Amino acid sequence: MPPSSEPVPNPQKLFRLWDAGQISREDFQRLMAVHARELIEEMEQARKNPLMAWMHQLFNRREAARWAGGHGEALVREILFALADEESFPPARSLWNATHPHVPLHVFFRAREMPRFRFLKLRATSQAVTVEIEHGGSDTAPPVREEFYLRRYRNMQLMVERRDMLG
């Protein structure tokens with residue numbers, strides 16, 4: 001179980017830890033409750049300003065449609081899921097269920113609101129993907145730009161091979 005000073009692992013990692021018997025059911029439930037509280041806080045913010053929430057949803061839908069239309073929804077979901085495995089990647093906390101088709105694709109993007117999460121460039125071949133991402137940021141700090149190189153391995157799953165910080 002992680003010490004309280006460390007961030008809570010993303011749900012995908014928590015499921016793996018629980019399945020491997022490395023954390024108890026009580027620890028699993030307690031740590032998953034942290035993620036549930038984050039989602040509830042986000043819903044409460046949307047409820048406080050429904051017009052702004054609606055506008056953000058429109059921007060996020062457009063962002064998701066842009067990438068899914070150009071490269072296919074399955075590939076975009078696969079990229080998001082591969083990024084969810086990156087330990088030191090803050091948006092990974094909210095990407096863990098990207099392969100679930102019943103979760104709308106647009107909920108993974110944050111095109112205008114902070115912290116931001118959006119694709120800037122995407123180049124894909126059958127065996128490799130390069131994606132430039134803008135993420136994070138706040139009212140006082142600009143978002144971070146990173147380029148990820150993903151490769152399709154023998155099990156046909158995309159995995160992050162390396163990542164580079166951009167200017």
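Given the structure is predicted, the values throughout are model-derived calculations rather than measurements. Note that the numbering runs from 1 along the sequence shown for the chain.
Side-chain N or O atoms of His106 include none that pairs as donor or acceptor with a backbone N or O of Phe59 at under 3.5 Å. Distance alone, capped at 3.5 Å, is enough to place a donor-acceptor pair between the Asn10 side chain and the Ala84 backbone.
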I would like to know whether Lys13 and Glu87 meet side-chain contact (heavy atoms from CB on, under 4.5 Å); could you show each step before the answer?
-> CA-CA 9 Å; Lys13 172 100 176 184; Glu87 294 281 332; 3.5 Å; yes
Working for side-chain contact (heavy atoms from CB on, under 4.5 Å), residues His35 and Arg93 | CA-CA 8 Å; His35 293 287; Arg93 292 173 62 90; 3.4 Å; yes
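Note that the OG atom of Ser88 and the CZ atom of Arg163 stand 4.0 Å from one another [nearest 0.5 Å]. With rounding to the nearest 0.5 angstrom, the CE atom of Met159 is 10.0 Å from the CD atom of Glu161. Expressed to the nearest 0.5 Å, how far NZ of Lys121 lies from CD of Glu134 amounts to 12.0 Å.
Side-chain contact check for Arg145 versus Asp164: every heavy-atom pair is 4.5 Å or farther apart. In this structure the side chain of Pro11 reaches within 4.5 angstrom of the side chain of Met32, judged on heavy atoms. Side-chain contact check for Gln157 versus Glu78: every heavy-atom pair is 4.5 Å or farther apart. Under the 4.5 Å side-chain criterion, counting only non-hydrogen atoms from C-beta, Val144 is not in contact with Leu166. The side-chain heavy atoms of Asn60 and Arg112, taken from C-beta on, include no pair separated by under 4.5 Å.
Taking the six-membered ring for Trp and thresholds of 30 and 60 degrees, His102 and His100 have nearly parallel ring planes, at less than 30 degrees apart.
Within 6.0 Å of CE in Met114 there are more than 12 heavy atoms belonging to other residues, nucleotides or ligands. A 6.0 Å sphere centred on CG of Asp139 holds no more than 12 heavy atoms belonging to other residues, nucleotides or ligands.
Defined by atom type and a distance below 3.5 Å, a donor-acceptor pair is missing between the side-chain atoms of Thr125 and Arg152.
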Kindly list each side-chain donor-acceptor pair under 3.5 angstrom involving residues 41-52, sequence neighbours excluded, with atom names and distances?
from: Glu42; atom 1: OE2; to: Arg110; atom 2: NH1; distance (Å): 3.1
from: Asn49; atom 1: OD1; to: Met52; atom 2: N; distance (Å): 3.3

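Arg16 and Asp19 are not joined by a salt bridge, as no carboxylate oxygen comes within less than 4.0 angstrom of a charged side-chain nitrogen.
Through chains of ILVMFWY side-chain contacts below 4.5 Å, Leu80 is grouped with Trp67, Leu75, Val76, Ile79, Leu83, Phe89, Leu95, Val103, Leu105, Val107, Phe108, Phe109, Phe117, Phe119, Leu122, Val129, Val131, Ile133, Phe148, Leu150, Leu158, Val160.
By the side-chain hydrogen bond (donor to acceptor under 3.5 Å, both in side chains) test, Arg116 pairs with no residue at all, sequence neighbours left out. Shown here are the side-chain hydrogen bond (donor to acceptor under 3.5 Å, both in side chains) partners of Ser138, two or more places apart in sequence or in another chain: Thr140. Qualifying side-chain hydrogen bond (donor to acceptor under 3.5 Å, both in side chains) partners for His71, counting only residues two or more places apart in sequence or in other chains: none.
Listed by first then second residue, pairs satisfying salt bridge (Lys or Arg N to Asp or Glu O under 4.0 Å) with a partner in residues 55-75 read Glu73-Arg77, not counting sequence neighbours.
Listed here is the closest heavy atom pair of Tyr149 and Glu147: OH-OE1, 2.5 Å.
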